Engineer: 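Mind having a look at this structure? Questions to follow.
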2 protein chains.
Amino acid sequence: MGSKSEKASRRPRADSIRNRERLLEAATQIFSAGGPQASLEAVAREAGVGIGTLYRHFPTREALFEAVYRHEVDLLGDLAEQLAQETDTVEALRKWLQANVRLVATKKGMIEALQLVAHGSSDLKAYSFERMTGAIGLLLDRAVAAGEIRSDISPEDLLRTLVGIFYSQGTVDWQPTALRLVDVFVDGLRKR
Amino acid sequence: MGSKSEKASRRPRADSIRNRERLLEAATQIFSAGGPQASLEAVAREAGVGIGTLYRHFPTREALFEAVYRHEVDLLGDLAEQLAQETDTVEALRKWLQANVRLVATKKGMIEALQLVAHGSSDLKAYSFERMTGAIGLLLDRAVAAGEIRSDISPEDLLRTLVGIFYSQGTVDWQPTALRLVDVFVDGLRKR
DNA sequence: TGATAAACGGAGGCATCCTCCGTATAAATA
DNA sequence: TATTTATACGGAGGATGCCTCCGTTTATCA
């Protein structure tokens, strides 16, 4: 076969990798502050690269947005794995749920973003659903196995509840309320 | 007390009234197709007026959007009053709920719009909440008074359920599912 | 039938979107 | 190390949208 057509593609360039990371970081920052329709030129500026570079790495706004969102979901997944080391299974679950509230609270644009995800790319939807229910399942199973909480609640139920808590709020100063609701819910999960 | 300061303002100009109506109609159309961030210049074009005229009547995008949304809510309120004439009280309620589903299904942008309302102007929120619960209450009370359905469901409960049905859907071809859910719910309301 | 208050239209200044292509540079090769 | 070349970079530029401002038009009123 030809020696050209299947050349074992070069190693990706260092600057390319660096710029991609910078863009992702900048986008997280800018989207957090301004919501998912913030200016892409602002993202490029923040990252210190040209607008053309942004578009090469992320051809559409959605592509960039997806990358950012996936990263956040991955962080939550990793956090769950960390928390699964703790001995107090119920506390671990509570902490993870609270981390979710704090994440959304810190990032103004996140609620709009969640809505966008809910009605957008079903690839991303499937991925984040799986990753999130996986994280929840991990913590939930441990607590159930330890005999600490009731066993008739599925990870999906919990995820939906969480989303419900986010959705019903979203105005100023909702974080305390949301944290309280999480507490009530976790307490409610306990075996009496 | 001056004779000038309180002059009995002229009759509004005919063209002004006409243009306002045209704009509202055009905006309903354009927002339905493109969601709440559709181009305002497109609205003006569709209405056949200059962009300046649009901005005079509706100084901000939100103002225009509010006017459109209020109009939709009013239509639903009026529909409830009509349906309150029907003899079959449960069917009347079912029809009204189905009309809601159809309205949202027809107007692509409506789901985004609802979310915008949910986190936006609390004037509009209060108005639409009142108008909607009023409409539901009208139909619900009749059915309860007729002894057709259980009496422990409030208009607010029903409204939240409706919004829940809208929120959980929103992708392609969700209308049949939503209609089915409405049916199930109405049947569930019946006294056994 | 004027006079005039009110409404109209759209040019213009600014921001953002996205594409295109000449220039720069990291990796491969000799 | 020097040269080649695939790859990535930056930003100008055309298109579109936002909103304001103001000269022109027109409906109402006397």
Side-chain angles (χ1 to χ4, degrees), chain A residues 2-27 29-68 109 112 116 120, chain B residues 2-27 29-68 109 112 116 120:
Chain A
S3 57
K4 263 210 206 128
S5 57
E6 63 203 47
K7 60 177 172 263
S9 60
R10 283 188 179 191
R11 176 134 108 305
R13 279 173 53 160
D15 53 350
S16 175
I17 294 172
R18 189 170 9 96
N19 281 333
R20 192 192 155 85
E21 273 164 16
R22 281 184 185 171
L23 278 166
L24 226 53
E25 201 174 329
Q29 148 103 33
I30 297 284
F31 282 154
S32 293
Q37 73 276 319
S39 158
L40 295 188
E41 319 231 325
V43 172
R45 263 196 306 277
E46 173 76 22
V49 305
I51 185 67
T53 299
L54 185 151
Y55 276 96
R56 196 166 332 93
H57 283 288
F58 305 100
T60 66
R61 173 183 295 273
E62 282 63 41
L64 176 55
F65 180 70
E66 264 202 50
V68 169
E112 269 178 279
L116 213 156
Chain B
S3 58
K4 262 208 203 132
S5 59
E6 64 203 46
K7 57 173 177 270
S9 60
R10 286 187 176 188
R11 175 133 109 306
R13 281 175 51 161
D15 53 350
S16 176
I17 294 171
R18 187 169 13 92
N19 281 334
R20 192 192 154 85
E21 273 164 12
R22 281 184 186 171
L23 278 166
L24 225 53
E25 202 174 327
Q29 148 100 34
I30 296 284
F31 282 153
S32 294
Q37 73 276 317
S39 156
L40 296 189
E41 318 232 326
V43 172
R45 264 197 304 277
E46 173 76 22
V49 305
I51 186 66
T53 299
L54 184 153
Y55 274 97
R56 199 167 330 95
H57 282 289
F58 306 100
T60 66
R61 173 183 294 274
E62 282 64 39
L64 175 56
F65 180 70
E66 266 203 46
V68 168
E112 269 178 279
L116 213 156

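Letters A, B, ... mirror the listed sequences (proteins, then strands); counts begin at 1. This structure is a prediction, so every number in the text was calculated from the model and none was measured.
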Engineer: In whole angstrom, what separates R22(A)'s CZ from dA8(D)'s C1'?
Structural biologist: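 For the pair R22(A) CZ and dA8(D) C1', the rounded distance is 14 Å.
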Engineer: For the CZ atom of R61(A) and the CD atom of Q37(A), what is their distance to the nearest 0.5 Å?
Structural biologist: 7.0 Å
Engineer: Once you round it to whole Å, what is the distance between C1' of dC18(C) and CG of L54(A)?
Structural biologist: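 That distance rounds to 11 Å.
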Engineer: Could you list the residues that satisfy side-chain contact (heavy atoms from CB on, under 4.5 Å) with F58(A), not counting sequence neighbours?
Structural biologist: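 Residues passing side-chain contact (heavy atoms from CB on, under 4.5 Å) with F58(A): R20(A), L23(A), L24(A), A63(A), L64(A), A67(A).
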Engineer: Taking only the side-chain nitrogens and oxygens of N19(A), find out if one of them lies under 4.0 Å from OP1 or OP2 of dA8(D).
Structural biologist: no
Engineer: Specify the separation, in whole Å, of atom CD1 of I30(A) and atom P of dT16(C).
Structural biologist: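 Whole-Å distance recorded here is 11 Å.
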Engineer: Just by protein heavy atoms under 4.0 Å, how would nucleotides 12-20 of chain D read 5' to 3' in B, S and -?
Structural biologist: B----SBBB
Engineer: From C-beta outward on R11(A), which listed nucleotide comes closest to its side chain: dC9(D), dA28(C), dT28(D)?
Structural biologist: dA28(C)
Engineer: Looking at E46(A), I'd like to know if its CD atom is crowded, meaning that more than 12 non-hydrogen atoms belonging to other residues, nucleotides or ligands lie closer than 6.0 Å.
Structural biologist: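 Count over threshold, so yes.
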Engineer: Listed by chain and number, what are the salt bridge (Lys or Arg N to Asp or Glu O under 4.0 Å) partners of E66(A), not counting sequence neighbours?
Structural biologist: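 E66(A) satisfies salt bridge (Lys or Arg N to Asp or Glu O under 4.0 Å) with R70(A) once adjacent residues are dropped.
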Engineer: Is the phosphate of dA8(D), meaning OP1 or OP2, less than 4.0 Å from a side-chain N or O of H57(A)?
Structural biologist: no
Engineer: Measure the spacing between CZ of R22(B) and CG of D15(B) and express it to the nearest 0.5 Å.
Structural biologist: 9.5 Å
Engineer: From CZ of F58(A) over to P of dC18(C), roughly how many Å is that when rounded to an integer?
Structural biologist: 15 Å
Engineer: In whole angstrom, give the distance that lies between atom CZ of R10(A) and atom C1' of dA6(D).
Structural biologist: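 Answer to the nearest Å: 4 Å.
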Engineer: What's the angle between the local helix axes at either end of the helix from dT1(C)-dA30(D) to dA30(C)-dT1(D), using five pairs per end and rounding to 10 degrees?
Structural biologist: 0°
Engineer: Nearest 0.5 angstrom please: R13(B) CZ to R18(B) CZ, how far?
Structural biologist: 9.5 Å
Engineer: For dA6(C) and S16(B) - does any side-chain N or O of the residue sit under 4.0 Å from the phosphate oxygens OP1/OP2?
Structural biologist: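 No, S16(B) has no side-chain N/O under 4.0 Å of OP1/OP2 on dA6(C).
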Engineer: Which whole-number value in Å describes the distance from R20(A) CZ to dC9(D) P?
Structural biologist: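 The distance from CZ of R20(A) to P of dC9(D) comes to 11 Å, rounded to the nearest Å.
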Engineer: Atom pairs, N/O to N/O, protein against nucleotides 21-25 of chain C, distance under 3.5 Å?
Structural biologist:
| residue | atom | partner | partner atom | Å |
| --- | --- | --- | --- | --- |
| dT25(C) | O2 | R13(A) | NH1 | 3.0 |

Engineer: Listed by chain and number, what are the salt bridge (Lys or Arg N to Asp or Glu O under 4.0 Å) partners of R45(A), not counting sequence neighbours?
Structural biologist: none
